[in-house]
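We count ligands from 1, going down the list as the structure has it; atoms in each ligand are counted the same way. We count residues from 1, following the sequence as given.
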Amino acid sequence: MNLHIGVIKGDGIGPEIVTEAMKVLDKAGEVYGYECTYEQLLLGGASIDVHGVPLTDETVEKAKACDAVLMGSIGGDAKTSPWYQLEPSRRPEAGLLKIRKELNLFANLRPAVLYEELKDACPLKEEITGGGFDLMIMRELTGGLYFGERKTVEENGVRTAYDSLTYNENEIRRIAIRAFDIARKRRKKVTSVDKANVLDSSRLWRSVVEEVAKDYPDVELSHMLVDNCAMQLVRDPKQFDVILTENMFGDILSDEASMVTGSIGMLASASLNETKFGLYEPSGGSAPDIAGKGIANPIATILSAAMMLRFSLDQDRAADAVEKAVSLVLKDGYRTGDIMSEGCTQVGTSRMGDLICERIQ
Ligand code: NAD
């Protein structure tokens, strides 16, 4: 079976970490019977250097023709990079926003996994985190407060600002369906987070999610108010499987959840549209401070590739094998510098990729 994967290596550490993820995809393919063909795509600073713009229409069309896209990170050091002398619409990040829009990526998935071996990086007490945890935040990405009408006016001499939070039932339904589908591939639990005691948009959210739930009798649904969820994430993160929520709540809760796992170099992410297509990338940035040194942690990108195998490419067994290999490498005591602790063996980016490949079975 052939998988056609778009690859955006990007800027900074991007090329180093994506190279390792490709190595892992190829190794898993040898074991699980698929072959990858890669379409190299330019985005961000790398595209500015070649085309003068952070994203071309041709790149968008090529990305759309792929089964899924794997991305490193884009952007440079805002103080020193010439990319940031350009007007904002021509800077690297503008390309990222544009490709998300062009590909209609409305669902953002951010897993927060605490591995037992990395529990020292977690700021929570051991009695809360013992045995680790594994939850997934599904955030609506293209609606709500960040995309509603806004204005600032003077009313009776007083400056007043308005931001409107709007969702229609179709926007809610399509992300709820995504969340239930993903819960089915996990522990079959969805916690829908809202503020239904105050907001109309949340009351609509809750009722549409309940309608969708009827088609998923095997998935358990519960509702939680966002203020309670913020507390529960630090009180008992193990209770969650999939957290489904709107844009702004998801923005805040996903950062909270990643903080409790401790390390940016371990955090994968995915953005999905209505089809199986998705864009998969590490949560961290392009880390210009360590770019080119061969010391970046490739695991977030490798875990993003595992998500791509599972959610876009229907290669669930290969995805499980990659995740297991990451876990084994950590158990065997190998660490990149960012997650290094006493008694472990420090390795560079490429060696970490090799060690993970060796453990794929
Ligand atoms: P950053 O995430 O790049 O770096 C923050 C710190 O984390 C740095 O010390 C860095 O060395 C470290 N770090 C990040 N990823 C790591 C990894 N895989 N292994 C080891 N250490 C790692 O954040 P920043 O410095 O604020 O941003 C740098 C650039 O990245 C900016 O241009 C920013 O716009 C861009 N950025 C891009 C994305 C994206 O592509 N989606 C996301 C965030 C930031």
Side-chain angles (χ1 to χ4, degrees), residues 6-21 24 41-49 54-55 59 63 69-86 88-101 103 105 108-110 113 118 121 139 141 251 254-255 258-259 261-272 278-305 307-308 326 329-330 334-341 344 346-353 356:
V7 171
I8 298 169
K9 289 196 167 176
D11 309 317
I13 59 171
E16 299 163 61
I17 54 183
V18 171
T19 299
E20 298 315 305
V24 169
L41 305 170
L42 291 180
L43 179 73
S47 175
I48 295 172
D49 289 346
L55 177 67
T59 297
V69 173
L70 178 68
M71 187 171 99
S73 21
I74 56 117
D77 184 332
K79 287 197 194 104
T80 56
S81 164
W83 301 326
Y84 295 90
Q85 306 300 318
L86 300 166
S89 67
R90 296 176 86 85
R91 291 180 192 170
E93 287 73 12
L96 190 55
L97 294 179
K98 189 169 171 210
I99 199 165
R100 286 184 177 143
K101 189 160 173 252
L103 299 173
L105 302 171
N108 182 241
L109 265 184
R110 270 175 59 179
V113 180
L118 300 182
R139 164 188 171 194
L141 207 55
D251 188 9
S254 58
D255 270 15
S258 37
M259 186 60 220
T261 68
S263 171
I264 188 113
M266 299 292 298
L267 295 169
S269 89
S271 302
L272 311 174
L279 175 71
Y280 296 82
E281 56 178 314
S283 292
S286 58
D289 52 332
I290 56 166
K293 296 185 178 161
I295 58 171
N297 185 350
I299 293 180
T301 317
I302 290 168
L303 292 173
S304 302
M307 286 175 81
M308 178 172 79
V326 167
V329 160
L330 297 174
Y334 294 104
R335 305 280 189 274
T336 44
D338 57 316
I339 52 170
M340 183 60 190
S341 59
C344 292
Q346 188 164 339
V347 296
T349 312
S350 169
R351 178 89 180 109
M352 181 56 95
I356 292 169

Would you check the N or O atoms of G284, main chain and side chain alike, for any that come under 3.5 Å of an N or O of ligand 1? no
Does the protein put any heavy atom within less than 4.0 Å of atom 17 (C) of ligand 1? yes
Proximal ligand 1 atoms for I264, defined as those under 4.0 Å from one of its heavy atoms: 7 (O), 13 (N), 14 (C)
Heavy-atom nearest option to atom 22 (C) of ligand 1, drawn from T301, I290, I295: I290
Find all atoms of ligand 1 within a distance of less than 4.0 Å from any non-hydrogen atom belonging to L96, and give their numbers and elements. 39 (C), 40 (O), 41 (N)
Which atoms from ligand 1 have a heavy atom of A296 less than 4.0 Å away? 19 (N)
Of G337, G76, P282, A300, the one whose closest heavy atom lies nearest atom 32 (O) of ligand 1 is G76
What one should report as the nearest heavy-atom pair of G278 and L272 is CA-CD2, 3.9 Å
List the steps and the verdict of side chain to side chain contact (heavy atoms under 4.5 Å, CB included) for I290 and I13. CA-CA 7 Å; I290 56 166; I13 59 171; 3.8 Å; yes
Using distance alone, determine whether S286 and ligand 1 share an N or O pair under 3.5 Å. yes
Report yes if Y84 has an N/O atom closer than 3.5 Å to an N/O atom of ligand 1; otherwise report no. yes
When V329 is tested against each of I302, I356, V347 for side chain to side chain contact (heavy atoms under 4.5 Å, CB included), which residue passes? I356
If you measure every N/O of R100 against every N/O of ligand 1, is any gap under 3.5 Å? no
Which of the numbered atoms in ligand 1 are below 4.0 angstrom from a heavy atom of P288? 28 (C)
Any side-chain to backbone donor/acceptor pair from E281 onto S269? Under 3.5 Å, distance only. no
For the pair S286 (side chain) and G75 (backbone), establish whether a donor and an acceptor sit closer than 3.5 Å, ignoring hydrogens and angles. yes
Proximal ligand 1 atoms for E93, defined as those under 4.0 Å from one of its heavy atoms: 32 (O), 33 (C), 34 (O)
For T19, give me all partners under side chain to side chain contact (heavy atoms under 4.5 Å, CB included), at least two apart in sequence or on another chain. K9
Sub-4.0 Å atoms of ligand 1 with respect to non-hydrogen atoms of G75: 32 (O)
Establish whether atom 44 (C) of ligand 1 and some protein heavy atom are separated by less than 4.0 angstrom. yes
Measure from atom 26 (O) of ligand 1 to the protein's non-hydrogen atoms and state whether any distance is below 4.0 Å. no
Kindly write out the residues that satisfy salt bridge (charged side-chain N to carboxylate O under 4.0 Å, His left out) with R110, not counting sequence neighbours, or none if the list is empty. D255
Ignoring hydrogens, tell whether any protein atom lies closer than 4.0 Å to atom 30 (O) of ligand 1; use the non-hydrogen atoms only. yes
Going by distance only, is there an N or O of A287 that falls short of 3.5 Å from an N or O of ligand 1? yes
Against heavy atoms of G285, which atoms of ligand 1 measure under 4.0 Å? 1 (P), 2 (O), 3 (O), 30 (O), 36 (N), 37 (C), 38 (C), 42 (C), 43 (C), 44 (C)
Take E93 and Y84, measure what side chain to side chain contact (heavy atoms under 4.5 Å, CB included) needs, and give me the verdict at the end. CA-CA 10 Å; E93 287 73 12; Y84 295 90; 2.9 Å; yes
Could you tell me which atoms of ligand 1, counted from 1 in the order shown, lie closer than 4.0 angstrom to a heavy atom of E281? 41 (N)
